[in-house]
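One structure below.
Order of the sequence lines fixes the chain letters, A, B, ..., with proteins taken first and strands second; residue numbering starts at 1 for each chain. Computed from a predicted model, the values in this text were never measured in an experiment. Heavy atoms only: backbone and side chains are in, while hydrogens, waters and symmetry mates are out.
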Protein chains: 4
Amino acid sequence: MARGINKVILVGNLGNDPDTKYTQGGMAVTRISLATTSVRKDRDGNTQERTEWHRVVFFGKLGEIAGEYLRKGSQVYVEGSIRYDKYTGQDGVEKYSTDIIADEMQMLGGRGDGGGGGSRGEYRGGGNDRPQRAPARQEAQPRREAPPAKSNDFADDFADDDIPF
Amino acid sequence: MARGINKVILVGNLGNDPDTKYTQGGMAVTRISLATTSVRKDRDGNTQERTEWHRVVFFGKLGEIAGEYLRKGSQVYVEGSIRYDKYTGQDGVEKYSTDIIADEMQMLGGRGDGGGGGSRGEYRGGGNDRPQRAPARQEAQPRREAPPAKSNDFADDFADDDIPF
Amino acid sequence: MARGINKVILVGNLGNDPDTKYTQGGMAVTRISLATTSVRKDRDGNTQERTEWHRVVFFGKLGEIAGEYLRKGSQVYVEGSIRYDKYTGQDGVEKYSTDIIADEMQMLGGRGDGGGGGSRGEYRGGGNDRPQRAPARQEAQPRREAPPAKSNDFADDFADDDIPF
Amino acid sequence: MARGINKVILVGNLGNDPDTKYTQGGMAVTRISLATTSVRKDRDGNTQERTEWHRVVFFGKLGEIAGEYLRKGSQVYVEGSIRYDKYTGQDGVEKYSTDIIADEMQMLGGRGDGGGGGSRGEYRGGGNDRPQRAPARQEAQPRREAPPAKSNDFADDFADDDIPF
DNA sequence: TTTT
DNA sequence: TTTT
């Protein structure tokens, strides 16, 4: 039985345009790099600034919306959970990664340099957006290239069954 | 100027007793390993369970309280922020680590196998618990060994000035 | 279009057993009174304690689980949103109420005086637990009286269509 | 001893300019009205929109910053706790109010119609901003009228000792 | 490595 | 009205 709370709340700006790929089952997986900067005063009274870069991942419908509306510089609210992964790199060395699996996002004031659209992205991950075999993704991301017809890099990372929520 | 929100809320159980060390300036640094388990149903209707192990770090007064009251199995509420670090291992290879820097904690119902005491730990990281030169740490952790008189492993990790909040 | 975040996170203890009722459509609506206590030191160094009593409401499947597993004294984690209502009392005077509409809950260590059961309640409000015409509620709450066959007090408060999420 | 978590996270827009007053001890108390709007689809597939208006209160240094930088329309992130109060109105009737006591805020992208300034407000309520007898408030709010020399409406609500954190 |  |  599930036990525990694993919740992350971020407000930050994208360091780059989002990267959207598709699983073999047609599910969108969008990744962004999100900066949050904090300050503190050290003992000498100097201001110290530190930026964390969060790797945030959006799945399914939320991945489509994030890919469509977010742009480099966009300010966004993200809610999700932390996921730690361990894998073996191509060099045979064990590596670790940490991702924030988003289940809610909301665009904030600034539009970044994407501009154009006008409409505002927002979505709360519901319960029933598991990939229903070939979503109508043609309509879903007017400004993204068509998803690759067959396999792609994410195929190694995520089977459709791997949706982490 | 600071910009962004980086907030983590965890409720989980400790996998081991806490590990408390002291910086050269006498500041307590306590680390715990905290499990949060979530479940989801996969496409075949099978229940999938996944546990994340969070490395949580408590500094200063909060580190003393965490070290004193938490035990393997304890259930605890933790609030803090995510911190990503990159360092070079002794093997010369670049490594990455992710820590949750706690700024609030509260013990919950279950006591784990610590038992005994009776009193309940709880604390909110305030603004003025920077190491004031040699805190009265003798009184602070009745059940922990005296902090090492001189250097320790954390000396490499944290100078007093590194308190991350 | 939706705009904004309205999120509440509570950890507290129930002041009384939960109160479960049913809408005419058969949806469970469970209310609890949840205490959170905070302390601060006033200027004279005296400890001041203050308790807030939150009215938390659970709908649908979550309402059934809350009604079944929570008891007076139970410690519980609740996530939800704030809802302010204004209504006219039977005395013709305008009144205001504030409720926390829960969309996630998890029982914590302490069991309160409910005891017995053994199993632990937990649930995340999903997207598809709107009342599907007559849920199998007979099985759902073994320890609660059968829901009233017809109207009840909540009928005035909530139509099935009023589920606030 | 304190027990429980009472945490609120809001992202919304101000419905009006902030209202700043001062206690007799010289502490700033700023109130804003913050809107968060959510949507849901009802059974007929129609989009239902609902706006909650939160009364948010900022004390001390945070109150000065909120009063200076926020304006009608500003988008802001607020973190705090819920506080329920019961008082007797001038008509002799018992009334209830709910406030969000802020302990952290951060201005977001949009500037509202305040414009001008340029600098961005942000602050985390620290531990030591209790009113130190007459803060240098002349410098603190360039664009607000001078605080009343003597008593004001808040005097009834808040003594200096009432700072709720 | 925890917990249920 | 809870809890410690």
Side-chain angles (χ1 to χ4, degrees), chain A residues 1-6 84 86 96, chain B residues 10-19 30-39 47-56 65-66 69-78 100 105-123, chain C residues 10-19 31-39 47-56 65-66 69-78 100 105-123, chain D residues 1-6 84 86:
Chain A
M1 159 154 281
R3 197 155 168 70
I5 298 295
N6 171 1
Y84 307 99
K86 178 180 173 179
Y96 297 84
Chain B
L10 304 174
V11 173
N13 295 277
L14 277 76
N16 284 299
D17 281 352
D19 174 34
T30 295
R31 293 169 181 278
I32 64 170
S33 192
L34 192 67
T36 60
T37 301
S38 61
V39 287
T47 292
Q48 299 280 9
E49 200 169 290
R50 185 184 157 98
T51 296
E52 306 300 331
W53 285 99
H54 309 269
R55 294 176 29 164
V56 181
I65 295 171
Y69 291 107
L70 299 180
R71 285 294 171 270
K72 178 177 179 175
S74 297
Q75 189 180 33
V76 68
Y77 169 95
V78 168
I100 307 305
M105 73 144 251
Q106 195 162 129
M107 288 197 63
L108 301 175
R111 253 161 261 71
D113 50 17
S119 177
R120 229 64 163 291
E122 166 218 1
Y123 183 69
Chain C
L10 303 173
V11 174
N13 295 275
L14 278 76
N16 284 299
D17 280 353
D19 173 34
R31 293 169 181 278
I32 64 171
S33 191
L34 193 67
T36 59
T37 301
S38 61
V39 287
T47 292
Q48 300 280 10
E49 200 170 290
R50 186 184 156 98
T51 296
E52 306 301 332
W53 285 99
H54 309 268
R55 295 177 26 165
V56 182
I65 294 172
Y69 291 107
L70 299 179
R71 286 294 171 270
K72 178 177 180 176
S74 298
Q75 190 180 31
V76 68
Y77 169 96
V78 168
I100 308 304
M105 73 144 251
Q106 195 162 127
M107 287 196 65
L108 301 175
R111 251 163 260 70
D113 51 17
S119 177
R120 227 65 163 290
E122 166 216 3
Y123 183 68
Chain D
M1 158 157 279
R3 196 154 168 72
I5 298 295
N6 171 0
Y84 308 99
K86 177 180 173 180

For C:Ser33, which residues count as a side chain to side chain donor-acceptor pair (under 3.5 Å) partner, sequence neighbours excluded?
-> none
Is C:Thr36 touching bases, backbone alone, or none of the nucleic acid, heavy atoms closer than 4.0 Å?
-> nothing
For B:Ile32, the option from B:Val56, B:Asp19, B:Asn16, B:Ile100 that meets side chain to side chain contact (heavy atoms under 4.5 Å, CB included) = B:Val56
Interatomic distance where [atom1] belongs to [X] and [atom2] belongs to [N] [whole Å]:
X        : N     : atom1 : atom2 : answer
B:Leu108 : F:dT4 : CG    : C1'   : 13 Å
C:Arg50  : F:dT1 : CZ    : P     : 16 Å
B:Asp17  : E:dT2 : CG    : P     : 12 Å
C:Gln106 : E:dT2 : CD    : C1'   : 14 Å
B:Ile32  : E:dT1 : CD1   : C1'   : 12 Å
C:Leu10  : F:dT2 : CG    : C1'   : 14 Å
B:Leu14  : E:dT4 : CG    : P     : 13 Å
B:Met107 : F:dT4 : CE    : P     : 12 Å

Minimum-distance nucleotide (side-chain atoms of [X] versus [options]):
X       : options             : result
C:Ser33 : F:dT1, E:dT2, F:dT2 : F:dT1
C:Asn16 : E:dT2, F:dT2, F:dT1 : F:dT1
A:Arg3  : E:dT4, E:dT2, F:dT1 : E:dT4
B:Trp53 : F:dT1, E:dT1, E:dT3 : E:dT1

Heavy-atom closest pair (C:Ser74 atom, C:Met107 atom, distance to 0.1 Å) is OG-CE, 4.2 Å
Which value, rounded to the nearest 0.5 Å, describes the distance between B:Leu14 atom CG and B:His54 atom NE2?
-> 11.5 Å
